[in-house]
Undergrad: 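Below are the structure tokens for one structure; questions will follow.
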Amino acid sequence: MSDTAVDRLTREEAEVELARLADLLTRANTAYHTDDAPEMSDADYDAAKLRNAAIEARFPDLKRPDSPSEQVGAAPAEGFGKITHSVRMMSLANAFDDADVTDFDARIRSYLNLSPTAPLKFTAEPKIDGLSLSLRYENGELIQAATRGDGEVGENVTANARTITDIPARIDGAPDVLEVRGEVYMSHEDFAALNTRQAERGGKTFANPRNAAAGSLRQLDSEITRARPLRFFAYSWGELSAPLAETQTGAINRLETLGFQTNPLTRTCDGPEEMLAHYREIEAQRATLGYDIDGVVYKVDDLALQNRLGSRATTPRWALAHKFPAELAWTRLEAIDIQVGRTGALSPVARLTPVTVGGVVVSNATLHNEDYIAGRDSKGEEIRGGKDIRIGDWVQVYRAGDVIPKVADVDLSKRPDDTQPYVFPTRCPECGSEAVREEGDSVRRCTGGLICPAQAVEKLKHFVSRAAFDIEGLGAKQVEMFYADDTLPIREPADIFTLEARDAAQIAKLKNREGFGEKSATNLFAAIDDKRRIPLNRLLFALGIRHVGEVAAADLARHFTSWDAFARAIDTAAPAAQRHVMAEEAVLRERRAAAEEGRRAAVTAARTQIWEAAPALDPAAKAAWDDLVGIDGIGAAVAVSLVTTLQQTAERASIDRLVAELDIQDMEAAATGDSPVAGKTVVFTGSLEKMTRAEAKARAEALGAKVSGSVSAKTDLLVAGPGAGSKAKKAAELGVETIDEDGWLALIGG
DNA sequence: GTGCCTCGAGTTCC
DNA sequence: CTCGAGGCAC
């Protein structure tokens, strides 16, 4: 019956067929999500969905309550809802040897202005190799569980978390709001038993306990999770309505009292020596613990100090992960392939005879760059005893940070007789353009620009990536597909936004394609339309301009607030950027000449000469340039990159076509938090007594202030400690408000 | 000019 | 996650 044309079905047949399709599609969905092994091809899946929709259209009254067409996001790639963490889930800075640990202690003391002998306690605990989870309790009730995700937004796995025995559904005597954070993991014993069971059932087995735990927690059907032996150690917290304790140790004890498992090897240490001793103790017990750990985590014990130390972009300053040495493996280097990145960088990738390293089979590994293969470091000095890496060699592989496979060493004694030194290509393997290495640069880059298909595709992938446009249903795979497409191509970002219109104008519709259906096509168009309105910072990041990452894009967006102001400023600054480049070239020439003639280089003179050469530089251009490089975090390299990109006609035309398709959201003029210093530009000068300079800067920025190094007309506030000199004088001249350290502390409330 | 520190870019496997 | 390099403080 499944072959009968829809318009020939009788009413009774239609009813039976709808039931069959509902069952088929539900099973296909489950198979896709739970076994990671789809039973149906995407095309068959879409065909079934289309048929279901067609029958429903003909017999609307027969539509079932469990109709597959009603299931939102029935497209298999969708999964869990998203949860924005109320307090970011940070990652940890890493240490690989004892010196990194003593440095950590020293760095904290210097940041806090503590003497080397002042008491400073730390905790040390095993770093569990699982996946982190944040549990939110309100009034003692578990209401939400979220994975780490990117630290900002994670996945909602509440139903699955409820099935884990180590996670209490309710707790007594906790603060009204308590977010408990910890690690979900699987013991060695349970992992082995699970794999045996999976193998017997013909299901898929897992490579290691970490993957098994991750796979089990991310089941759409929480009954499957329930059957998986997951465990949980609590080690941290997020949002709290009341403090748990005054120290890390106290807080962990409190979590234990509340009914959570905490790691029994957690210790409080008096300093680096005790921390390292505990590290060795944990390392010695590693094999007999019964679960995987990949290092030891140290934390400043005093929570008030943790608070003062604060965080860098992605890691807190008060914690450190001391990693165990990486596992190593030897294997044969079968080939060296060259990949082309979005900036044109040619990266060599090692194709290896597959080998197990730390529980995972590795068949590819990075070879970093040209020099690394040749056996030289960035300064051209020979490394690894001058061994060059050749195809056919036995190479040592490890997984850096237990993740990224790298080639670490070569065994020359096993080198076959017929090997040749590897010759790094000087032409792009993808487009044949010349690949050049700029002076002092370690990477060779394809000069093809937008002509190079590899660069174009990688740029598009970057454009749709998570921190950029993040278009649902348009990932790396789809981008490649559309790039290669002849009837409905996406060759540049603007093409994404004209996709629907172009599709509508064509006879061969996207929805009729293999792998696509009615629903997936409409979903994609809707997802694209959804992103037409885009915040300026995301747009600037998405453009993929060299040296402009997420942070620089945000800095630029905050400074210029609108696309028009940004583009105008860059265009205006262009002549000055050109002078800058010429001046730096002149400096290089002067340096070389001076070295030859054995005299001191007149660097400043060479620079000034170009800047002041005729024809005179437009003062507006100079002002725009100064304004640009005056932005905190934006220097000459970024500024030049912005100008060159926007001044290139082809590139600019492509950007203009994109901008015409968008509704760009302006940024708020200033961070208007409720803090009295939000949006203000603050300068610190003189010596500060109650805090260090770094600390003061971090605190001010956390409150939304911009901290600058020098006093100018744009400065709103000068915080002057004892010994303030020229800056205080200049502030007085400019009429900038000046306060002392105590005044500052009073202003920010502590 | 030198030495941090942070950001950007590239990378693997599931 | 790491490496290189840009940015900035000293």
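Lettering follows sequence order; numbering is per chain, from 1.
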Undergrad: I'd like to check the ring-ring contact (aromatic ring centres under 6.0 Å, His included) partners of A:His547; sequence neighbours left out, ordered by chain and number.
TA: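 ring-ring contact (aromatic ring centres under 6.0 Å, His included) check on A:His547 returns nothing, list empty.
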Undergrad: Just how far, in rounded Å, is P of B:dT12 from CG of A:Asn208?
TA: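 It works out to 19 Å between those atoms.
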Undergrad: May I have the distance from A:Ile631 (atom CD1) to C:dC8 (atom C1'), rounded to whole angstrom?
TA: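 Those two atoms, CD1 and C1', are 15 Å apart.
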Undergrad: Can a side chain N or O of A:Thr343 be found less than 4.0 Å away from OP1 or OP2 on B:dG10?
TA: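 Yes, such a contact exists.
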Undergrad: Would you mind reading off the distance between A:Ile108 atom CD1 and B:dC5 atom C1', rounded to a whole angstrom?
TA: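 So the two atoms are 16 Å apart, to the nearest Å.
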Undergrad: Which residue lies toward the 5' end of DNA chain B, A:Asn211 or A:Leu346, if each is placed at its nearest nucleotide?
TA: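 Result: A:Leu346.
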Undergrad: From C-beta outward on A:Ser347, which listed nucleotide comes closest to its side chain: B:dC7, B:dA9, B:dG10?
TA: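 The answer is B:dG10.
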Undergrad: Give me each pair satisfying salt bridge (Lys or Arg N to Asp or Glu O under 4.0 Å) with a member in residues 92-103 of chain A, each pair once, sequence neighbours excluded.
TA: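 Residue pairs with at least one partner in residues 92-103 of chain A: A:Asp98-A:Arg280.
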Undergrad: According to the ring-ring contact (aromatic ring centres under 6.0 Å, His included) rule, which pairs have a member within residues 331-370 of chain A, sequence neighbours left out?
TA: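 Sorted pair list: A:His368-A:Tyr372.
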Undergrad: Flag the pair A:Thr343 / A:Arg445 as yes when at least one side-chain heavy-atom distance between them is below 4.5 Å, and no otherwise.
TA: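 Touching, per the 4.5 Å side-chain cut-off.
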Undergrad: Between C:dC3, C:dC1, B:dA9, which nucleotide gets closest to the side-chain atoms of A:Asn94?
TA: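 Nearest to the side-chain atoms of A:Asn94, counting from C-beta on, is C:dC1.
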Undergrad: If you take any heavy atom closer than 4.0 Å to DNA chain C, which residues from residues 634-642 of chain A end up in contact?
TA: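 The answer is A:Ile634, A:Gly635, A:Ala636, A:Ala637, A:Val638.
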Undergrad: When you compare the side chain of A:Met186 with that of A:Asp292, does any pair of heavy atoms fall below 4.5 Å?
TA: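 Result no, sub-4.5 Å side-chain heavy-atom pair not found.
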Undergrad: Measure CG/A:Leu543 against P/B:dG8 and give the value in whole Å, please.
TA: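 A:Leu543 atom CG is separated from B:dG8 atom P by 14 Å.
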Undergrad: Identify which nucleotide among C:dG4, B:dG10, C:dT2 has an atom closest to any side-chain atom of A:Asn369, counting heavy atoms from C-beta outward.
TA: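 The answer is C:dG4.
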Undergrad: Closest to the A:Asn364 side chain: B:dC13, C:dC3, C:dC1?
TA: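 Of the candidates, B:dC13 comes closest.
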Undergrad: Remember a base hit wins even if backbone is also touched, and classify A:Val443 as base, sugar-phosphate or nothing at under 4.0 Å, heavy atoms.
TA: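 A:Val443: no heavy atom of the nucleic acid under 4.0 Å.
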Undergrad: Only pairs under 3.5 Å count here: list side-chain donor-acceptor contacts from residues 348-365 of chain A, not counting sequence neighbours, and write none if there are none.
TA:
| unit_1 | atom_1 | unit_2 | atom_2 | d |
| --- | --- | --- | --- | --- |
| A:Arg351 | NE | A:Asp337 | OD2 | 2.8 |
| A:Arg351 | NH1 | A:Asn364 | OD1 | 2.7 |
| A:Arg351 | NH2 | A:Asp337 | OD2 | 3.3 |
| A:Thr353 | OG1 | A:Glu334 | OE2 | 2.8 |

Undergrad: Please report the distance, rounded to the nearest Å, between CD1 in A:Ile545 and P in B:dC7.
TA: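 Taking atom P of B:dC7 as the reference, CD1 of A:Ile545 is at 19 Å.
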Undergrad: The side chain of A:Arg342 is closest to which nucleotide in this list: B:dA9, B:dG8, C:dC3?
TA: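 The listed nucleotide nearest to A:Arg342's side chain is B:dA9.
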Undergrad: Under 4.5 Å between any side-chain heavy atoms of A:Leu194 and A:Phe206, yes or no?
TA: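 Answer yes - side chains close enough.
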Undergrad: If you assign A:Arg445 and A:Ser363 each to the DNA chain B nucleotide with the nearest heavy atom, which residue ends up on the more 5' nucleotide?
TA: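 This one resolves to A:Arg445.
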Undergrad: Looking at the side chain of A:Val362, which of B:dG8, C:dT2, B:dC13 is the nearest nucleotide?
TA: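 Nucleotide nearest to A:Val362's side chain: B:dC13.
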Undergrad: Under 4.0 Å between any heavy atoms, over every strand shown, what does A:Ser91 touch: base, sugar-phosphate, or nothing? Just pick one.
TA: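 Here A:Ser91 touches no strand at all.
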Undergrad: If you compare every side-chain N and O of A:Gln339 against the phosphate oxygens of B:dT11 (OP1, OP2), does one of them come in below 4.0 Å?
TA: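 Yes.
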Undergrad: Could you pull out all residues at least two apart from A:Phe469 that satisfy ring-ring contact (aromatic ring centres under 6.0 Å, His included)?
TA: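 Testing A:Phe469 for ring-ring contact (aromatic ring centres under 6.0 Å, His included), a comparison that skips the adjacent residues, returns A:Phe463, A:Phe497.
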Undergrad: Mind calculating the distance between NE2 (A:His462) and P (B:dG8) to the nearest angstrom?
TA: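 Rounded to the whole Å, the gap is 10 Å.
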Undergrad: Walk me through whether A:Leu133 and A:Val157 qualify under side chain to side chain contact (heavy atoms under 4.5 Å, CB included).
TA: CA-CA 9 Å; A:Leu133 189 67; A:Val157 291; 3.6 Å; yes
Undergrad: Which nucleotide in the list B:dT12, C:dT2, B:dC5 gets nearest to the side chain of A:Arg107?
TA: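 Nearest to the side-chain atoms of A:Arg107, counting from C-beta on, is B:dC5.
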Undergrad: Please tell me if A:Arg399 has a side-chain N or O lying less than 4.0 Å from either OP1 or OP2 of B:dC13.
TA: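 False: A:Arg399 side-chain N/O out of range (4.0 Å or more) of B:dC13 OP1/OP2.
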Undergrad: Within this structure, what is the CZ-to-P distance between A:Arg546 and B:dG8, rounded to whole angstrom?
TA: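 Taking atom P of B:dG8 as the reference, CZ of A:Arg546 is at 13 Å.
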Undergrad: Under 4.0 Å between any heavy atoms, over every strand shown, what does A:Arg591 touch: base, sugar-phosphate, or nothing? Just pick one.
TA: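 Here A:Arg591 touches the backbone only, sparing every base.
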Undergrad: Give the rounded distance in Å between these two atoms: CZ of A:Phe104 and P of B:dC4.
TA: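 The distance from CZ of A:Phe104 to P of B:dC4 comes to 18 Å, rounded to the nearest Å.
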Undergrad: So if I take every side-chain heavy atom of A:Lys323 and compare against C:dC1, B:dG10, B:dC14, which nucleotide ends up nearest?
TA: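 So the nucleotide nearest the side chain must be C:dC1.
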